Amino acid sequence: MLKKRIFLLFIITIFFSNFAKSQEIFIVGKVDNEIITNIDIELEKNYLLLLNSKLNKISKNEFFKLAKNSLIREIIKKKEIKKSFKKPDKEFENKITKRFYNKLGFKNKNDFINLLKTKNINYENLKEKLIIEAFWNQLIFIKYNNKIRIDEIAIKKDITN
């Protein structure tokens, strides 16, 4: 009987210690109807560190602001993209993600996904971010393509100098 009580006490202690360690979730901001939480910002920090490991050197407060602003821009981009583009097909998604992990030096998708797991980054969320960025770049190109003037002579002159 004493062993059962000690075991029960042990289980309760483990349960409450894990409960005490759980992270508080709070709202950091809101863009239109989308809420940004502190958890969203932590996940965005992981994503930004994947892109640029030097971000570890900036202060926590600056990094927090950077991640928050990045999420705000992403929400805005996503809303604008929905107005102009339909959902991408699998071929486009695979092309975008393959280009990304090749750029990071990975030869195959499995090695890349394993790295993402160690950095607490969800592959599907990352894929969505990459697609949003690709569509955003296309949207900007479409809107401003006819307003760009390239002076090839000046560029060649700069290169030779």
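Everything numeric in this text was worked out from a predicted model, so none of it was measured. For the numbers below, each heavy atom of this structure counts, side chains included, while hydrogens, waters and symmetry mates do not.
- Ile76 and Ile140 end up in different hydrophobic clusters when Ile, Leu, Val, Met, Phe, Trp and Tyr side chains are linked at under 4.5 Å.
- Annotation: side chain of Lys87 is in contact with side chain of Glu93 (closest heavy-atom distance under 4.5 Å).
- Residues forming a side-chain hydrogen bond (donor to acceptor under 3.5 Å, both in side chains) with Thr37 (at least two apart in sequence, or on another chain): Asp40.
- The CG atom of Leu130 sits 8.5 Å away from the CD atom of Glu133 when rounded to the nearest 0.5 Å.
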Take Lys127 and Phe100 through the side-chain contact (heavy atoms from CB on, under 4.5 Å) test and state the conclusion after the steps. CA-CA 9 Å; Lys127 184 168 60 171; Phe100 184 76; over 6 Å; no
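- Between Lys98 and Lys95 there is no side-chain heavy-atom pair separated by less than 4.5 Å.
- The number of heavy-atom neighbours closer than 6.0 Å to CD1 of Ile148, taken from other residues, nucleotides and ligands shown, is above 12.
- One finds the CD atom of Glu152 at 10.5 Å from the CD1 atom of Ile159 (value rounded to the nearest 0.5 Å).
- A salt bridge is absent between Lys65 and Glu62: the closest approach of a Lys/Arg side-chain nitrogen to an acidic carboxylate oxygen does not fall below 4.0 angstrom.
- Taking the side chain as every heavy atom from C-beta outward, Glu80 and Leu139 approach each other to under 4.5 Å.
- Judged by the 6.0 Å distance and 45° axis criteria, Lys129 is positioned over the aromatic ring of Tyr47.
- Considering only heavy atoms from C-beta on, Ile72 comes within 4.5 Å of Asn69 through its side chain.
- By the criterion of side-chain heavy atoms lying less than 4.5 angstrom apart, applied directly or through intervening Ile, Leu, Val, Met, Phe, Trp or Tyr residues, Ile75 is not grouped with Trp136; the two fall into different hydrophobic clusters.
- Between Phe26 and Ile39 the shortest side-chain heavy-atom distance does not fall below 4.5 Å.
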Apply side-chain contact (heavy atoms from CB on, under 4.5 Å) to the pair Phe92 and Ile96, showing each step before the final yes or no. CA-CA 6 Å; Phe92 179 76; Ile96 295 297; 3.8 Å; yes
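- Taken to the nearest 0.5 Å, the CG atom of Leu49 stands 3.5 Å off from the CZ atom of Phe63.
- Atom CG of Leu43 is separated from atom NZ of Lys119 by 14.5 Å, given to the nearest 0.5 angstrom.
- A salt bridge is defined here as a Lys NZ or Arg NE, NH1 or NH2 lying under 4.0 Å from an Asp or Glu carboxylate O, and Glu74 with Lys79 fails to meet this definition.
- Cluster membership for Leu55 and Leu51, using ILVMFWY side-chain heavy atoms within less than 4.5 angstrom, is shared.
- Residue Leu126 holds its CG atom at 12.0 Å from OH of Tyr101, rounded to the nearest 0.5 Å.
- Counting only distance, with no hydrogens or angles, the side chain of Asp32 and the backbone of Glu34 share no donor-acceptor pair below 3.5 Å.
- For Ser70 (side chain) and Leu66 (main-chain N/O), no donor-acceptor pair under 3.5 Å exists by modelled atom type.
- Because its NZ or CZ atom is not both nearer than 6.0 Å to the ring centre of Phe135 and within 45° of the ring axis, Lys77 does not count as a cation-pi partner of that residue.
- Put simply, the side chain of Ser84 never gets that close to the backbone of Ile81: no donor and acceptor are under 3.5 Å apart.
- Minimum heavy-atom separation, Ala67 to Glu44: O-CG, 3.6 Å.
- Hydrophobic clustering (side-chain heavy atoms under 4.5 Å, transitive across Ile, Leu, Val, Met, Phe, Trp, Tyr) keeps Ile41 apart from Ile58.
- Under the 4.5 Å side-chain criterion, counting only non-hydrogen atoms from C-beta, Ile36 is in contact with Val31.
- Heavy-atom neighbours of Ile150 CD1 from other residues, nucleotides or ligands within 6.0 Å: at or below the threshold of 12.
- Smallest separation of non-hydrogen atoms from Ile121 and Asn46: CD1-O, 3.4 Å.
- No more than 12 heavy atoms of other residues, nucleotides or ligands sit less than 6.0 Å from atom CG of Asn33.
- Across all non-hydrogen atoms, the minimal contact from Glu24 to Asn38 is O-ND2, 2.8 Å.
- You'll find the ring centres of Phe112 and Phe106 inside the 6.0 Å limit.
- Counted within 6.0 Å of CD1 on Ile142, heavy atoms from surrounding residues, nucleotides or ligands total more than 12; the atom is thus considered enclosed.
- Interatomic distance, Leu104 CG to Leu115 CG, rounded to the nearest 0.5 Å: 8.0 Å.
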